[in-house]
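To start, the structure under review is shown below, and the notes come after it.
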Amino acid sequence: MPIKAPRGTYDILPPNSRNWQAMEQSLKEVAGLYGYQEIRTPIFEHTELFERGVGEGTDIVSKEMYTFFDKSGRSLTLRPEMTASCARALIEHSLHTGLLPVKWFYYGPMFRYDRPQSGRYRQFHQFGVEVFGSTSPMVDAEVLMMVVHMLQAIGLSEYRLHINSVGCPSCRESYRQALLAFIDPFSKELCPDCQQRVQQNPLRVLDCKEERCRQAIKGHPRLLDHLCSNCAEHYQRVCHTLLSHNICFEHDDQLVRGLDYYTNTAFEIHIPGIGAQSAVGGGGRYNGLVKAIEGPDLPGIGFALGMERLLLALEQQGTVNRGNGGVEVFVAVMEAQYEEEAVIILQQLRAAGISADKDYMDRKAKAQMKYADKSRAALVLFVGADEVKQGFVTVRNMIDKEQVAIPRVDLVPAITKLLHHNEEAQAQ
RNA sequence: GUGGGUGUAGCUCAGUUGGUUAGAGUACCAGAUUGUGGCUCUGGGGGUCGUGGGUUCGAGUCCCAUCACCCACCCCA
């Protein structure tokens, strides 16, 4: 049995890898426009970091972590997300004592032991940002505007932005009371899962998909109505700013985050039509997180985008870039004895910044031409007896089929010129 | 963790009520006279039919198990 990639993992092969590169580049560029800088953290961390930073009660921690013991018995875990790692790095390097806010972006693989399905893998990739140190609603707005900017930058025009405010622990507690009082009479009509949720995290009942639960909670009190004046104003200012910048969004009462350190703004981006897992991104404010992992009382906000789902959406909306990924120049060797001469030419071209390749399969001239064609080379250089003896190379333009002899001494400038000429012709 | 679907060449798939050396297209390689591509033609390599059992004179075809993939639930990106 040949070894295959582990369940829920996969290879990103060329030419598809180019789509990834393009998307990564676009996202990084936009992050740069907003003043975010890249942070890279370890792929694994102490298990305890995620237990406290993500939350013991979450599915991620209770059943989805790749946890292992190293040779000295430490419990380590492959990161299931990166916010906790960012918070840890912030604390570890005492960056909160420096220039605030700290604005980071990150990109990389995350790991969750889930059952794979469309748009869900065990190793998946996220691009995300985190801002630490500011409670300004303008930061919430900036982050949201940046998400929208990023979607546009990678070519996604159809998406839905849902936002809500989960308030602060105190207004959430008052809402909790109100919600419990409302649900209590109907609690027996709820599904078994929700019976549990009522005990542990009543807010979660709101986004249950079971029909009977949706019926039972019709007319439930709204979180928005229970926000304290500070939280209400915060949310208002976020919404106001988005509106004044023509950002389309919808307020979503059902959008909730369970854990105590989530505060105020919460949001998700959905793209219909990419399967059941339609959330391509999500995030929110977490003013209590840094303190929860024994750091200073520092506010934060962030979001993450799922690369796999963005790519699904791009494929579905038909805007995937299909770049050629080939080489500019192919050097064809007519007789094996001139191979070393060809290598000299190759290195000369490459040193001048021109991508170039040759045959390494001992192919004959005709087969080398086929290979050059498939490599999408714009020019083919022939190196044979006449060329070497007389000090020139024959250059064939693969687009217009014209061939010219170029003296070896003029090679690089002449090739540069021909490539440039081709580019202009193709642009027209 | 639960449910449904699918597993035959690198890829996309045929394979008739179980019956000889398992096929096609595509991709790859090589030819169609001399140092030259995209089209066409010819030929070639490549499969323990996911894996392991079982039924049978005989199984890619039937039964069981297992693994993987796909989709959905839970939940999330």
Side-chain angles (χ1 to χ4, degrees), chain A residues 1-10 13 54-55 57-64 79-83 107-128 147 191-194 196-197 201 204 207-210 255 257-258 267-271 274-283 302-313 330-338 359 361-388 393-403:
Chain A
M1 259 313 246
I3 298 171
K4 300 201 293 184
R7 176 157 213 208
T9 69
Y10 61 99
L13 303 171
V54 178
T58 61
D59 279 19
I60 291 177
V61 171
S62 64
K63 56 183 196 188
E64 294 173 3
R79 63 186 188 198
E81 53 111 62
M82 246 184 77
T83 302
Y107 173 72
M110 308 295 156
F111 306 83
R112 291 184 203 173
Y113 189 86
D114 253 9
R115 194 86 179 252
Q117 74 184 76
S118 183
R120 174 194 286 161
Y121 298 90
R122 290 184 171 181
Q123 173 173 344
F124 61 103
H125 299 78
Q126 286 188 333
F127 183 97
V147 175
C191 70
D193 284 342
C194 281
Q196 283 285 319
R197 292 183 180 119
N201 185 4
R204 280 240 161 266
D207 61 5
C208 181
K209 280 121 201 152
E210 290 265 346
L255 179 56
R257 294 272 129 121
F267 62 93
E268 277 179 9
I269 302 116
H270 287 266
I271 297 196
I274 61 167
Q277 309 305 324
S278 64
V280 297
F303 71 82
L305 293 168
M307 295 295 112
E308 284 77 5
R309 292 181 189 176
L310 289 177
L311 242 358
L312 273 181
F330 186 87
V331 179
V333 182
M334 299 332 246
E335 283 130 272
Q337 56 184 304
Y338 304 118
D359 169 63
M361 299 302 289
D362 293 324
R363 277 184 263 248
K364 293 161 69 172
K366 191 185 181 94
Q368 288 187 56
M369 283 301 286
K370 282 191 181 180
Y371 185 83
D373 191 46
K374 283 167 191 160
S375 306
R376 309 190 67 163
L379 303 175
V380 172
L381 273 50
F382 294 97
V383 179
D386 295 346
E387 284 82 359
V388 173
V393 290
T394 303
V395 179
R396 179 180 178 83
N397 188 327
M398 295 296 273
I399 294 153
D400 61 22
K401 301 182 184 180
E402 286 187 19
Q403 280 186 209

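Each chain gets a letter, A, B and so on, in the order the sequences are listed, and its residues count up from 1.
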When the [atom1] atoms of [M] and [N] are compared, how many Å lie between them, rounded to an integer?
| N | M | atom1 | result |
| --- | --- | --- | --- |
| rU36(B) | rG45(B) | P | 27 Å |
| rA14(B) | rU21(B) | P | 24 Å |
| rC11(B) | rC28(B) | C1' | 12 Å |
| rG47(B) | rC13(B) | C1' | 14 Å |
| rA77(B) | rG15(B) | C1' | 42 Å |
| rA65(B) | rG7(B) | C1' | 15 Å |
| rC64(B) | rG18(B) | P | 16 Å |
| rA72(B) | rU66(B) | C1' | 23 Å |

Counting heavy atoms from C-beta on, name the nucleotide in rC70(B), rG35(B), rC28(B) closest to the side chain of Ala365(A).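 The closest nucleotide is rG35(B).
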Picking from rC70(B), rG35(B), rU36(B), which would you name as closest to the side chain of Asp386(A)?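 Minimum distance to the Asp386(A) side chain belongs to rG35(B).
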Parallel, tilted or perpendicular, as decided by the 30° and 60° cut-offs, for the rings of His125(A) and Tyr107(A):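 Rings of Tyr107(A) and His125(A): parallel, under 30°.
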Report which part of the nucleic acid [X] touches: base, sugar-phosphate, or nothing (heavy-atom distance under 4.0 Å, all strands).
| X | result |
| --- | --- |
| Gly8(A) | sugar-phosphate |
| Gln403(A) | base |
| Ala279(A) | sugar-phosphate |
| Gly128(A) | nothing |
| Arg112(A) | base |

Expressed as a whole number of angstroms, how long is the span from [X]:[atom1] to [N]:[atom2]?
| X | N | atom1 | atom2 | answer |
| --- | --- | --- | --- | --- |
| Asp359(A) | rU36(B) | CG | P | 15 Å |
| Gln126(A) | rA77(B) | CD | C1' | 5 Å |
| Tyr107(A) | rA77(B) | OH | P | 17 Å |
| Gln368(A) | rU36(B) | CD | P | 11 Å |
| Glu64(A) | rA77(B) | CD | C1' | 11 Å |
| Lys4(A) | rG10(B) | NZ | P | 13 Å |
| Tyr338(A) | rG35(B) | OH | C1' | 11 Å |
| Asp373(A) | rC28(B) | CG | C1' | 16 Å |

For [N], give its Watson-Crick or G-U wobble partner with both distances under 3.5 Å, or none.
| N | result |
| --- | --- |
| rU26(B) | rG10(B) |
| rG35(B) | none |
| rG1(B) | rC73(B) |
| rU55(B) | none |
| rU16(B) | none |

Do the side chain of [X] and the base of [N] come within less than 3.5 angstrom through a donor-acceptor pair of N or O atoms?
| X | N | answer |
| --- | --- | --- |
| Glu387(A) | rG35(B) | yes |
| Arg115(A) | rG1(B) | no |
| Arg363(A) | rC29(B) | no |
| Glu81(A) | rC76(B) | no |

Looking at [X], does any N or O in its side chain come under 4.0 Å of the phosphate oxygens OP1/OP2 on [N]?
| X | N | result |
| --- | --- | --- |
| Gln117(A) | rA72(B) | yes |
| Gln277(A) | rC73(B) | yes |
| Arg7(A) | rC69(B) | yes |

Heavy atoms from other residues, nucleotides or ligands near OH of Tyr371(A) exceed 12 (cutoff 6.0 Å):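 Counting other residues, nucleotides and ligands, OH of Tyr371(A) stays at 12 neighbours or fewer.
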Closest non-hydrogen atom pair between [X] and [Y], with its separation:
| X | Y | result |
| --- | --- | --- |
| Gln368(A) | Val331(A) | OE1-O, 4.1 Å |
| Ile274(A) | Ser118(A) | O-OG, 3.7 Å |
| Ile271(A) | Ala313(A) | CD1-CB, 3.7 Å |
| Gly384(A) | Met334(A) | CA-CB, 3.8 Å |
| Pro80(A) | Met110(A) | O-CB, 3.8 Å |

Quick check on RNA chain B: between Tyr371(A) and Met398(A), whose nearest nucleotide comes earlier from the 5' end?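 That would be Tyr371(A).
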Nearest-nucleotide wise, let me know which of Gly282(A) and Asn397(A) is further upstream toward the 5' end of RNA chain B.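 Its nearest nucleotide lies further toward 5', so the answer is Asn397(A).
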With centres under 5.5 Å and planes under 30° as the test, does Phe382(A) stack with rG35(B)?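 Here the ring of Phe382(A) and the base of rG35(B) are not stacked, as the 5.5 Å and 30° limits are not both satisfied.
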Out of the candidates Arg122(A), Lys63(A), Arg120(A), only one should pair with Asp114(A) under the side chain to side chain donor-acceptor pair (under 3.5 Å) rule; please name it.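 Looking at Arg122(A), Lys63(A), Arg120(A), the match for Asp114(A) under the side chain to side chain donor-acceptor pair (under 3.5 Å) is Arg120(A).
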Taking ring pair (Phe, Tyr, Trp, His ring centres under 6.0 Å) as the definition, give me every residue that meets it alongside Phe124(A), ordered by chain and number, with sequence neighbours left out.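 None.
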If you define the side chain from C-beta out and look only at heavy atoms, does anything of Met369(A) sit under 4.5 Å from Phe382(A)?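 Touching, per the 4.5 Å side-chain cut-off.
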Less than 4.5 Å apart, side chain to side chain, heavy atoms only: is that true for Asp359(A) and Val333(A)?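 Not touching, per the 4.5 Å side-chain cut-off.
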Name the pairs: protein N/O against N/O of nucleotides 31-34 of chain B, kept only if under 3.5 Å.
| residue | atom | partner | partner atom | Å |
| --- | --- | --- | --- | --- |
| rG31(B) | OP1 | Lys364(A) | NZ | 2.6 |

